Amino acid sequence: MTRLSVPPDHPAPAPPGHPAPAPPDLPAPTTPPSDLTAPTTPASAPSDLTAPTTPASAPSDLTHDAPAALPLVGVVGGMGPLASTELLRSVYLPADGRPEQQAPRVLLWSDPAVVDRTEAIGAGRLEALYRAVEKAVEGLVGAGAERIVVACVTAHRVLGDLPPALLRRCVSLVDVVHQELARDGRPHLLLCTKGTARAGILTTGDPAATRHLVALRPDDQEALHREVYRLKSGADPLATVDFLRTVLPRYGVRRFVAACTELHLVTRAVEAAGLSAEFPAIDPLAVVAGRIKNGEL
């Protein structure tokens with residue numbers, strides 16, 4: 001009998017009476033490319049998630065040529081607080097339209113707890129006053145102040161005792177007054193506290209300046225001292241005009257030196273009332289405020 005060979009892909013026929021074997025598993029057909037397959041993004045195509053690169057020539061808000069900032073000025077204030085606050089008002093008002101970033105830079109150290117300067121001078125106990133001024137100047141220098149203004153003329157009694165490293169940062173209101181007196185060359189009534197008068201803070205120094213000062217008699221000095229402490233308590237500074245109208249003719253002068261920083265409140269009120277021509281004055285805080293505003297301190 002001849003045996004038929006069956007190709008491997010075709011199973012042999014089942015013998016009669018037996019079921020046919022199951023066909024073998026067919027290999028899965030290869031899936032043709034589908035339209036649902038996401039196309040590959042070309043390497044050169046830009047991505048929405050990639051931050052655009054700023055061209056090297058594009059201007060930056062952080063690198064524009066801004067004017068140099070004005071020097072940082074420190075003010076030793078609180079002696080009294082109304083006077084040093086008025087100094088800041090004089091620095092910033094009237095506004096001159098410059099951008100905020102170009103306005104004067106000022107640090108105010110306001111400590112009204114400092115010992116009464118006239119009492120310290122009268123009692124010969126200057127240590128507490130010296131320590132308070134030294135601490136304030138050191139604090140302002142440590143905070144970055146380049147120039148320091150001690151906004152109390154009577155406190156200048158101890159200014160010269162500061163260490164040289166601190167003293168050279170300070171702008172002396174006494175020097176400002178003397179410079180203005182020498183420049184003006186006319187007599188001025190010296191309006192100051194009893195402590196300033198007693199210590200000779202303004203009447204000693206360059207004769208080219210001091211010879212133009214006219215000192216108050218003791219009774220008028222006492223009356224002025226009461227006027228200063230009235231201002232310290234917040235009284236109307238324009239009311240001091242009555243004192244000026246009384247005392248200036250008594251000494252035969254028209255001009256005065258506002259040699260107590262509370263009198264800066266008076267000169268500002270006089271100016272606001274349009275009376276500056278009637279009461280011309282050398283006001284060291286007004287001079288300093290102008291220099292701070294112009295970056296000239």
Side-chain angles (χ1 to χ4, degrees), residues 79-80 82-83 86-87 89-90 116-119 121-122 151-157 172-290:
M79 300 180 285
L82 297 180
E86 193 66 24
L87 170 60
R89 287 176 53 84
S90 298
D116 185 285
R117 280 68 65 197
T118 291
E119 290 181 1
I121 290 172
C152 174
V153 176
T154 313
H156 281 57
R157 170 62 182 80
S172 167
L173 297 183
V174 174
D175 289 348
V176 170
V177 169
H178 285 171
Q179 291 162 6
E180 293 298 310
L181 282 170
R183 182 187 60 79
D184 185 273
R186 286 173 287 190
H188 284 67
L189 192 62
L190 176 58
L191 302 186
C192 63
T193 65
K194 289 192 299 183
T196 296
R198 182 176 297 160
I201 292 172
L202 281 157
T203 53
T204 56
D206 183 5
T210 58
R211 64 189 177 90
H212 299 301
L213 288 171
V214 178
L216 291 174
R217 292 189 288 267
D219 55 339
D220 288 330
Q221 182 66 67
E222 191 66 42
L224 173 60
H225 197 78
R226 289 194 300 270
E227 190 68 21
V228 166
Y229 279 75
R230 187 186 69 84
L231 294 168
K232 285 179 178 290
S233 69
D236 180 11
L238 194 57
T240 305
V241 164
D242 294 336
F243 174 83
L244 296 175
R245 284 184 171 138
T246 299
V247 76
L248 286 169
R250 188 175 296 162
Y251 293 85
V253 295
R254 292 189 60 243
R255 295 165 175 79
F256 68 94
V257 177
C260 172
T261 51
E262 267 71 30
L263 295 178
H264 182 57
L265 297 163
V266 175
T267 62
R268 293 279 291 177
V270 165
E271 180 182 5
L275 299 174
S276 296
E278 183 179 353
F279 301 106
I282 292 174
D283 179 354
L285 284 194
V287 175
V288 164

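Source: prediction; values computed, not measured. One is the number of the first residue; the rest follow in order along the sequence.
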Checklist line | Heavy-atom closest pair, residues Leu238 and Ala273 | finding: CD1-CB, 4.1 Å

Note to self: How long is the straight-line distance from CG of Leu224 back to CG of Asp219, given to the nearest 0.5 Å?
What the structure shows: 11.5 Å

Item checked: Heavy-atom pair of closest approach, residues Pro187 and Val253 -> CB-CG1, 4.0 Å

Checklist line | Greater than 12 external heavy atoms within 6.0 Å of Arg89's CZ | finding: no

Notebook entry, point to check: What heavy-atom pair brings Arg157 and Ala199 nearest, and what distance separates the two atoms?
Noted result: CD-CB, 3.9 Å

Checklist line | Side-chain donor-acceptor pair present, Arg230, Thr240, cut-off under 3.5 Å | finding: yes

Notebook entry, point to check: So, for Leu190 and Ala259, which heavy atoms are closest and what is the spacing to 0.1 Å?
Noted result: CD1-CB, 3.7 Å

Check: In Å and rounded to the nearest 0.5 Å, what is the CG to NE2 distance from Leu231 to His264?
Finding: 12.5 Å

Notebook entry, point to check: Is a donor on one side and an acceptor on the other found under 3.5 Å between the side chain of Tyr251 and the backbone of Arg217?
Noted result: yes

Margin query: Nearest 0.5 angstrom please: Leu213 CG to Thr204 OG1, how far?
Written below: 10.0 Å

Margin query: Go through it in stages, so that I can follow the logic: the residues are Thr203 and Thr210, the test is side-chain hydrogen bond (donor to acceptor under 3.5 Å, both in side chains), and I'd like the CA-CA distance, side-chain angles, deciding distance and then a yes or no.
Written below: CA-CA 6 Å; Thr203 53; Thr210 58; over 6 Å; no

Notebook entry, point to check: What pair of heavy atoms forms the shortest contact from Cys260 to Cys192, and how long is it?
Noted result: CB-CA, 4.3 Å

Check: How many angstroms lie between CZ in Phe256 and CG in Leu248, if you round to the nearest 0.5 Å?
Finding: 7.0 Å

Notebook entry, point to check: With side chains defined as the heavy atoms from C-beta onward, is the minimum distance between Leu191 and Leu244 less than 4.5 Å?
Noted result: yes

Next item on the list: Look at the side chain of His156 and the backbone N and O of Leu173, then say whether any donor-acceptor pair between them is shorter than 3.5 Å.
Entry: yes

Next item on the list: Taking all non-hydrogen atoms of both residues into account, name the closest pair between Ala258 and Pro284 and its distance.
Entry: O-CD, 3.3 Å

Check: Taking the six-membered ring of Phe279 as reference, does the NZ or CZ atom of Arg245 fall below 6.0 Å from its centre and within a 45° cone about the axis?
Finding: no

Margin query: Rounded to the nearest 0.5 Å, what separates atom CG in Leu265 from atom OG1 in Thr267?
Written below: 8.0 Å

Margin query: Restricting to side-chain hydrogen bond (donor to acceptor under 3.5 Å, both in side chains), what partner residues turn up for Arg183, sequence neighbours left out?
Written below: Glu180

Checklist line | Given Glu227, Glu222, Glu119, the one that forms salt bridge (charged side-chain N to carboxylate O under 4.0 Å, His left out) with Lys194 | finding: Glu222

Checklist line | Among Thr261, Val228, Thr193, side-chain contact (heavy atoms from CB on, under 4.5 Å) partner for Thr154 | finding: Thr193

Check: Any sub-3.5 Å donor-acceptor pair from His212's side-chain atoms to His178's backbone N or O?
Finding: no

Checklist line | Set of ring-ring contact (aromatic ring centres under 6.0 Å, His included) partners for His225, sequence neighbours left out | finding: Tyr229

Note to self: As an exercise, state the distance from OG of Ser90 to CG of Asp283, rounded to the nearest 0.5 Å.
What the structure shows: 7.5 Å

